[in-house]
Enquirer: 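Supplied in structure tokens, the structure appears directly below.
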Amino acid sequence: MCGIITYIGNQNALPRLVDGLRRLEYRGYDSAGVALLTKDGLWVRKAVGRVEALSPELIDPPETTIGIAHTRWATHGGVTEPNAHPHIDTDGNIAVVHNGIIENMDALKKQLEGEGVVFRSETDTEILPHLMNYFYRGDPLKAFTTALKQVRGTYGCAAIFKEHPDRIFVARNGSPLVIGLGEGETVVASDPQAIVAHTRRVVYLEDREIAVVTRDGVDVMRLDGTAVETSVELIDGDYGVADRRGFPHFMLKEIHEQPESIERCLRGRLDLNQGNARLGGLNMSPRDLIGVNRVINVACGTAYHAGMVGAQAIEAMARVPARAEVASEYRYRHPIVHPDTLFFAVSQSGETADTKGAVEEILLKGGQMMGVVNVVGSTIARTCGRGTYIHAGPEVSVASTKAFTSQVTGLLLFTLMLARTKNLSVIEGQEVAKNLQALPGLVQRYLANPGPIDDAVERLIHARYALFLGRGLSFPVALEGALKLKEVAYVPCEAYPAGEMKHGPIAMIDEETPVVAIVPNDSQREKALSNLKEVEARGAKLIIIHTEGDKELEELATVSLPIPACPWYCSPIISVLPLQLLAYRAGVALGRDIDKPRNLAKSVTVE
Ligand code: M6R
């Protein structure tokens with residue numbers, strides 16, 4: 001949530017900061033701002049709205065080689081220009097950008113107001129420049145650290161001081177910052193996406209660390225002043241410039257990228273002879289695997305749905321008890337962590353605060369923690385230390401699509417590994433490996449001919465309420481379909497296990513209600529069919545996603561959306577595709593901002 005970019009170097013800072021903001025905009029897009037340090041002092045410009053709204057404000061900018069910038073997702077205070085970052089102290093000497101939340105804001109604000117400070121915004125961030133100014137006696141590092149020591153909460157922040165145009169001060173506690181070391185320039189950002197235009201040599205700041213950033217490098221220390229030995233890492237991974245490649249929206253482009261992204265996740269990881277999978281990053285021998293007696297996937301949002309699919313597949317195929325947990329709940333439940341339990345943190349961004357919090361709690365309790373992460377080098381990946389990258393490539397659309405199918409693919413690869421050590425024969429394993437290998441082709445085939453999506457969209461966009469139903473593995477898919485429709489089209493809807501629907505939600509059904517049902521040809525088909533008859537009898541209009549050739553479901557449906565036949569464990573990857581398209585096209589039909597839906601941000605780095 002929120003993006004930070006800072007620049008100090010030998011080039012004009014402003015275009016580099018604005019380019020960085022554009023690359024970070026997916027993290028938050030309520031408002032944006034920039035502060036440059038010039039020989040005349042601070043030059044600050046802000047605007048409400050997207051980064052492009054900032055451009056008209058950037059008239060006659062001074063040419064300078066140092067500055068900080070921010071794109072905001074509001075936490076404290078509405079979306080207004082005064083609340084946009086950077087924030088400045090009363091004397092106009094210090095500018096600060098900040099991601100995170102200052103929890104003791106009220107006490108600190110009262111204290112500062114007692115000293116005569118007049119606040120100009122409703123934000124928690126404004127505390128920081130005032131505090132730094134309060135402690136400033138000519139030593140900016142001392143003022144910066146002393147101010148941060150007063151703060152309880154999370155921050156990734158950067159500050160510039162008018163009297164010190166040769167350095168930027170940055171700090172991290174719970175909100176990521178990466179320092180990019182270029183030739184005669186140093187760039188700091190809240191994620192590597194904004195760094196790679198300059199350099200791939202980076203230093204990751206850890207919690208409770210601060211850094212003094214100059215043109216020539218960086219000096220990292222702990223908040224308590226003790227020195228830190230830094231290691232320079234090389235970021236790999238595809239951080240290419242976000243490009244829609246001719247698609248009208250990133251969401252649609254990412255939906256259509258799924259044959260490739262799944263293929264990348266599978267590449268080199270299937271052993272068709274042994275009927276097995278290899279996930280080297282887990283660093284687990286068969287002996288380690290045989291000792292796994294439980295699997296728990298912690299995650300949020302779409303990643304949680306992928307975790308639910310993975311857990312069901314693990315139980316059914318490897319016969320190991322498994323479940324998914326919502327990270328924000330799990331971390332505060334005083335969880336019971338057994339040494340024979342394997343935990344997976346599933347996260348596209350690798351920066352989600354709740355998932356990260358759960359990871360820290362599990363690690364603290366001695367749990368075996370693995371990441372299933374997309375963004376290489378992200379905080380969750382590094383905190384887990386072991387795991388698997390899903391290699392979906394950059395996902396720009398706030399509504400996650402290709403990450404879901406790659407997360408499921410990654411978890412299915414693990415399922416096969418675990419199942420082979422437990423109870424799957426080589427013949428059965430070969431069959432699974434072969435079917436996983438066929439997935440990209442099946443996805444491609446469906447996307448080339450997705451069926452009458454627009455007929456279904458027509459039913460959904462006028463609905464006051466829509467219900468998504470699925471059983472077994474199709475229940476998390478139903479949850480995912482409803483989440484997408486809410487996020488992208490803002491259509492009120494919910495998802496229920498099909499069998500549970502008659503215990504309450506059936507009261508919502510009338511002759512206007514569209515019911516989206518996911519009923520592939522698996523062991524639950526008959527039961528799901530009975531449930532659909534129950535809602536049909538109440539007048540619901542059925543949009544049914546079913547296996548090609550299933551005449552009975554085709555006839556029952558008001559809109560029939562056939563998908564290619566596949567084994568039960570592959571079905572979530574195929575059946576989610578029409579749901580992604582439904583949400584996308586419903587959003588387009590309703591004129592929504594597809595890639596940046598209201599109130600959302602790509603990575604949720606606050607609790
Ligand atoms: O980056 P993560 O996978 O950890 O993000 C988790 C959720 O915030 C994310 O999936 C969110 O639900 C998406 N907007 C869904 O489209």
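Just so you know, ligand 1 is whichever comes first in the structure, and atom 1 is the first atom listed for that ligand. Please read these numbers as outputs of a predicted model, since none were measured by experiment.
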Enquirer: Is the NZ or CZ atom of Arg382 positioned over Tyr204's six-membered ring, under 6.0 angstrom from the centre and within 45° of the axis?
Expert: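 Yes, a cation-pi geometry holds between Arg382 and Tyr204.
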Enquirer: For Leu600, state whether at least one heavy atom is located under 4.0 Å from any atom of ligand 1.
Expert: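 Outside the 4.0 Å threshold, so no.
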Enquirer: Provide, to 0.1 Å, the distance between atom 13 (C) of ligand 1 and the closest protein heavy atom, together with that atom's residue and name.
Expert: Glu487 OE2, 3.4 Å
Enquirer: What atoms of ligand 1 come closer than 4.0 angstrom to any heavy atom of Val398?
Expert: 13 (C), 14 (N), 16 (O)
Enquirer: Answer yes or no: is there an ion pair linking Arg208 with Glu206, defined by an N-O contact shorter than 4.0 Å?
Expert: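 Salt bridge absent between Arg208 and Glu206.
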Enquirer: Would you mind checking which non-hydrogen protein atom is closest to atom 1 (O) of ligand 1, with the distance to 0.1 Å?
Expert: Ser349 OG, 2.6 Å
Enquirer: Which protein non-hydrogen atom lies closest to atom 8 (O) of ligand 1, naming both residue and atom, and how far is it?
Expert: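 Answer for atom 8 (O) of ligand 1: Val604 CG2, 3.9 Å.
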Enquirer: In the protein, what heavy atom is nearest to atom 10 (O) of ligand 1, and what distance, to one decimal place, separates them?
Expert: Thr302 N, 3.1 Å
Enquirer: Taking a cutoff of less than 4.0 Å between a non-hydrogen atom of the residue and any ligand atom, is Glu351 in contact with ligand 1?
Expert: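 Outside the 4.0 Å threshold, so no.
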Enquirer: Do Gln580 and Glu254 pass the side chain to side chain donor-acceptor pair (under 3.5 Å) test, and can you show the C-alpha distance, the side-chain angles, and the key distance before you say yes or no?
Expert: CA-CA 10 Å; Gln580 295 171 343; Glu254 287 159 8; over 6 Å; no
Enquirer: Return the closest protein heavy atom for atom 7 (C) of ligand 1 as residue, atom name and distance.
Expert: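 For this ligand atom, the closest protein heavy atom is Cys300 O, 3.6 Å.
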Enquirer: Please work out whether the ring planes of His85 and His98 are parallel, tilted or perpendicular, with thresholds of 30° and 60°.
Expert: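 Plane angle under 30°, so parallel.
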Enquirer: So, taking the atom named CD1 in Ile314 and the one named CZ in Phe344, what distance separates them when rounded to the nearest 0.5 Å?
Expert: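 Output value for this atom pair is 6.0 Å.
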Enquirer: Tell me the protein heavy atom at minimum distance from atom 4 (O) of ligand 1, and give that distance in Å.
Expert: Thr352 OG1, 2.4 Å
Enquirer: Answer yes or no: is there an ion pair linking Glu395 with Lys602, defined by an N-O contact shorter than 4.0 Å?
Expert: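 Salt bridge: yes.
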Enquirer: How far is atom 3 (O) of ligand 1 from its nearest protein heavy atom, and which residue and atom is that?
Expert: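 Ranked first by proximity to atom 3 (O) of ligand 1 is Gln348 N, 2.6 Å.
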